[in-house]
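Reviewing the structure listed below.
Note that these values count all heavy atoms, side chains included, but never hydrogens, waters or copies made by symmetry. Chain letters run A, B, ... following the sequence lines, proteins first, then strands; residues in each count from 1.
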There are 2 protein chains.
Amino acid sequence: MNFQQLRIVRETVRRDFNLTDVAAALYTSQPGVSKHIKDLEDELGLELFVRRGKRLLGLTPGGKELIDVIERILLDAQNLKRIADQFGSRDTGHLRIATTHTQARYALPEVIKSFKAEFPRVHLALHQGSPREIATMLSNGEADLAIATEALDKLPDVVTFPCYSWHHAVIVPEGHPLDTGKPLSLEALAEYPIITYQEGFTGRTQIDQAFAEATLTPDIVLSAIDADVIKTYVELGLGIGIIASMAFHPSRDQGLRLLDAQHLFALNVTKIAVRRGHYLRDFSYRFIERLSPRLTEAHVRESLSL
Amino acid sequence: MNFQQLRIVRETVRRDFNLTDVAAALYTSQPGVSKHIKDLEDELGLELFVRRGKRLLGLTPGGKELIDVIERILLDAQNLKRIADQFGSRDTGHLRIATTHTQARYALPEVIKSFKAEFPRVHLALHQGSPREIATMLSNGEADLAIATEALDKLPDVVTFPCYSWHHAVIVPEGHPLDTGKPLSLEALAEYPIITYQEGFTGRTQIDQAFAEATLTPDIVLSAIDADVIKTYVELGLGIGIIASMAFHPSRDQGLRLLDAQHLFALNVTKIAVRRGHYLRDFSYRFIERLSPRLTEAHVRESLSL
DNA sequence: TATCCTTACGGAATTCGTAAGCATG
DNA sequence: CATGCTTACGAATTCCGTAAGGATA
């Protein structure tokens with residue numbers, strides 16, 4: 001038994017049992033992959049994969065039991081390296097954060113700026129993706145931390161912590177009929193074409209829910225992944241926008257007006273997620289603390305160990 | 001990084017940092033051991049061991065952090081094999097039980113007989129040792145289960161379950177002045193030379209404690225590891241014996257009399273211990289259930305996962 | 001017929017053991 | 001000077017990639 005065999009088995013599950021893909025992903029030859037799987041199965045005396053002819057289709061019952069342990073071994077092997085790095089040089093290393101456009105563009109810059117100032121030698125890699133992609137990266141160990149409002153809950157072996165909450169707000173072009181200073185209503189919004197986030201992004205669920213509960217069907221003419229796109233089209237007069245309030249900067253977004261909508265849509269909570277069993281460097285905890293001072297290292301560690 | 005390197009590091013800690021011993025224990029050459037350690041340290045970029053000159057003295061702070069993870073990886077690697085065996089052939093395999101003389105000789109025979117009848121193809125290895133040795137074997141993964149009355153609590157990563165309780169009793173030669181049928185007292189016992197278990201064996205602690213609380217100093221003329229030795233010397237008239245009551249068989253131990261002493265010494269609880277994270281085969285749970293029907297698989301699994 | 005897996009085989013790399021050398025108590 | 005670790009080097013083993021062959025959608 002060796003680590004390469006275990007890596008191959010893990011990757012085979014991830015790559016949907018296509019050994020050619022597995023070989024490519026691990027930068028090795030496909031026959032080598034085949035042989036490693038066969039050798040491991042021989043050593044364990046058990047078929048890990050269900051086969052039809054020569055194709056692999058899935059895991060056997062035994063394989064399903066084993067894959068969890070294999071994952072843990074490989075996770076721990078990674079942890080060895082991270083722990084060693086930790087002791088070798090406390091303040092140098094890599095911190096890989098997976099997050100969404102909204103967080104990367106509006107919430108994180110301040111945090112990252114101050115983090116960079118204190119840990120100039122930590123290589124910080126910010127990876128942008130959809131909430132789904134972010135979740136996958138965290139699960140696969142391709143990211144150390146994930147920050148998003150959606151999709152991070154309910155993942156196995158992932159622990160999430162609420163960081164901060166925010167509300168949606170409405171943006172309209174200057175001089176728009178809604179810009180009266182009076183409180184908005186959902187009914188009023190529903191009379192205009194709306195531009196907002198795509199499903200699965202930045203609290204879109206909350207928006208849909210608010211309209212549904214008021215038995216209104218909003219006229220969503222355009223859905224985008226990020227607020228910058230939304231603002232562009234609101235400026236063009238395509239409709240009114242619903243965005244995260246922190247995405248609006250009065251000075252930068254001249255020509256647009258931000259209208260309060262806290263009373264219309266449910267509160268959104270941005271969360272940070274960590275994979276259980278994934279060793280975090282010291283500076284990772286410092287980063288989390290900057291994001292939300294309530295999330296001390298002691299608190300995070302305790303939640304992870306439960 | 002490979003498994004042999006990790007095994008070597010683990011064994012180095014266990015063998016008190018003597019690489020010559022490590023090589024012998026792992027059936028390999030000593031220079032090979034040296035090199036593996038060096039290679040691993042190079043790969044991790046961290047010294048694992050404190051050295052004076054060429055000698056290894058102990059673990060560095062980083063080494064201490066790493067050793068836990070290394071242990072877990074190797075434990076999981078073992079688990080892979082056990083799980084595979086489990087699926088390959090449910091009712092064949094090995095069950096290694098570490099236990100004391102008292103349990104092996106008086107408590108387990110019945111259980112083992114019935115277990116053997118149901119699982120004839122399971123190779124059952126009974127390893128006898130002192131409570132201390134038993135605990136070590138369990139911790140090192142050399143035994144799947146440990147059964148003893150002493151020393152199993154308070155071990156890290158070991159979970160114990162009470163199996164059954166028993167009392168000490170007094171044995172005397174036939175016609176001995178104490179054999180009056182009247183209840184015994186500690187004071188009466190203290191007037192005779194006493195033969196009983198060594199410290200650390202079979203509830204000796206309880207015996208010492210009972211006398212101490214009564215501010216009596218018993219005259220212990222001989223201490224043995226097992227009841228058979230004790231009985232032999234009681235028969236020879238060297239003194240009265242204090243043994244576990246289940247170690248007395250009226251038919252086999254003719255010439256001796258068993259006197260009740262439940263009211264004199266505290267209750268003893270025999271426990272079964274399992275190492276946390278050590279995968280147990282199905283038949284292991286069947287064995288535990290036979291030992292104490294209260295200890296169902298569900299109950300044991302739940303306690304292990306806490 | 002294109003995709004995907006297995007077997008076969010030769011070269012590269014790793015691992016292992018022996019022999020020799022050096023440090024320490 | 002006996003114990004214990006390191007370095008050096010050749011042998012054995014393992015690992016890996018290419019080439020060829022067979023099965024399946």
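- A:Tyr285 meets the ring-ring contact (aromatic ring centres under 6.0 Å, His included) test with no other residue; sequence neighbours excluded.
- Protein atom CG of A:Leu56 is 11 Å distant from nucleotide atom C1' of C:dT6, rounded to whole Å.
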Report summary line: Protein-proximity profile, nucleotides 17-25 of chain C, B/S/- by nucleotide at the 4.0 Å heavy-atom cutoff, equals BBB-BB-BS
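- Between B:Asn2 atom CG and C:dA13 atom P there is a gap of 18 Å when expressed in whole angstrom units.
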Please set out all donor-acceptor pairs under 3.5 angstrom arising from side-chain atoms of residues 55-65 of chain B, sequence neighbours excluded.
residue : atom : partner : partner atom : Å
B:Thr60 : OG1  : B:Glu47 : O            : 2.8
B:Thr60 : OG1  : B:Leu48 : O            : 3.2
B:Thr60 : OG1  : B:Gly63 : N            : 3.0

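- We find that CD1 of A:Ile37 is positioned 13 Å from C1' of C:dC4, with the value rounded to whole Å.
- Contacts between residues 6-14 of chain A and DNA chain C, defined by a heavy-atom separation below 4.0 Å, involve no residue at all.
- Residues satisfying the side chain to side chain donor-acceptor pair (under 3.5 Å) test with B:Gln30, not counting sequence neighbours, are B:Ser34.
- Rounded to 10 degrees, the angle separating the terminal helix axes of the helix from C:dT1-D:dA25 to C:dG25-D:dC1, each built from five base pairs, is 30°.
- Applying the 4.0 Å criterion to OP1 and OP2 of D:dC16, one finds that A:His36 has a side-chain N or O inside that range.
- Applying the ring-ring contact (aromatic ring centres under 6.0 Å, His included) test to B:Tyr279 and every residue at least two apart in sequence or in another chain returns nothing.
- Sequence neighbours left out, the pairs with a member in residues 271-284 of chain B that pass salt bridge (charged side-chain N to carboxylate O under 4.0 Å, His left out) are B:Arg90-B:Asp282, B:Asp153-B:Lys271.
- Within the nucleic acid shown, A:Phe17 comes within 4.0 Å of sugar-phosphate atoms alone, with no base atom in reach, counting heavy atoms only.
- Partners of A:Thr12 under the side chain to side chain donor-acceptor pair (under 3.5 Å) rule, at least two apart in sequence or in another chain, do not exist in this structure.
- The side chain of B:Thr20 sits closest to D:dG4 out of D:dG4, C:dC5, D:dT6.
- Distance A:Leu26 CG to D:dG17 P: 11 Å, rounded to the nearest Å.
- Contact annotation: the side chain of B:Lys35 approaches that of B:Asp39 to within less than 4.5 Å [non-hydrogen atoms, C-beta and beyond].
- When rounded to the nearest whole Å, the span between CG of A:Leu19 and C1' of D:dT24 equals 15 Å.
- Of the side-chain N and O atoms in B:Ser34, none sit less than 4.0 angstrom from OP1 or OP2 of D:dT7.
- With sequence neighbours excluded, the residues satisfying side chain to side chain donor-acceptor pair (under 3.5 Å) with A:Ser89 are A:Thr92.
- Residues B:Asp226 and B:Arg105 are not paired through a salt bridge, judged by the lack of any N-O separation under 4.0 Å between the basic side chain and the carboxylate.
- Within the structure, a side-chain polar atom (N or O) of B:Asn18 is placed less than 4.0 Å from OP1 or OP2 of D:dG4.
- In this view, A:Phe115 and A:Phe119, A:Phe287 satisfy the ring-ring contact (aromatic ring centres under 6.0 Å, His included) rule, not counting sequence neighbours.
- Going from atom CE of B:Met1 over to atom P of C:dT15 covers 13 Å, rounded to whole Å.
- Nucleotide D:dT3 holds its C1' atom 15 Å from the CG atom of B:Asp16, rounded to whole Å.
- In this structure B:Pro31 satisfies the side chain to side chain contact (heavy atoms under 4.5 Å, CB included) test together with B:Ser29, sequence neighbours excluded.
- Computed from coordinates, the A:Lys38 NZ to D:dT14 C1' distance equals 16 Å when rounded to whole Å.
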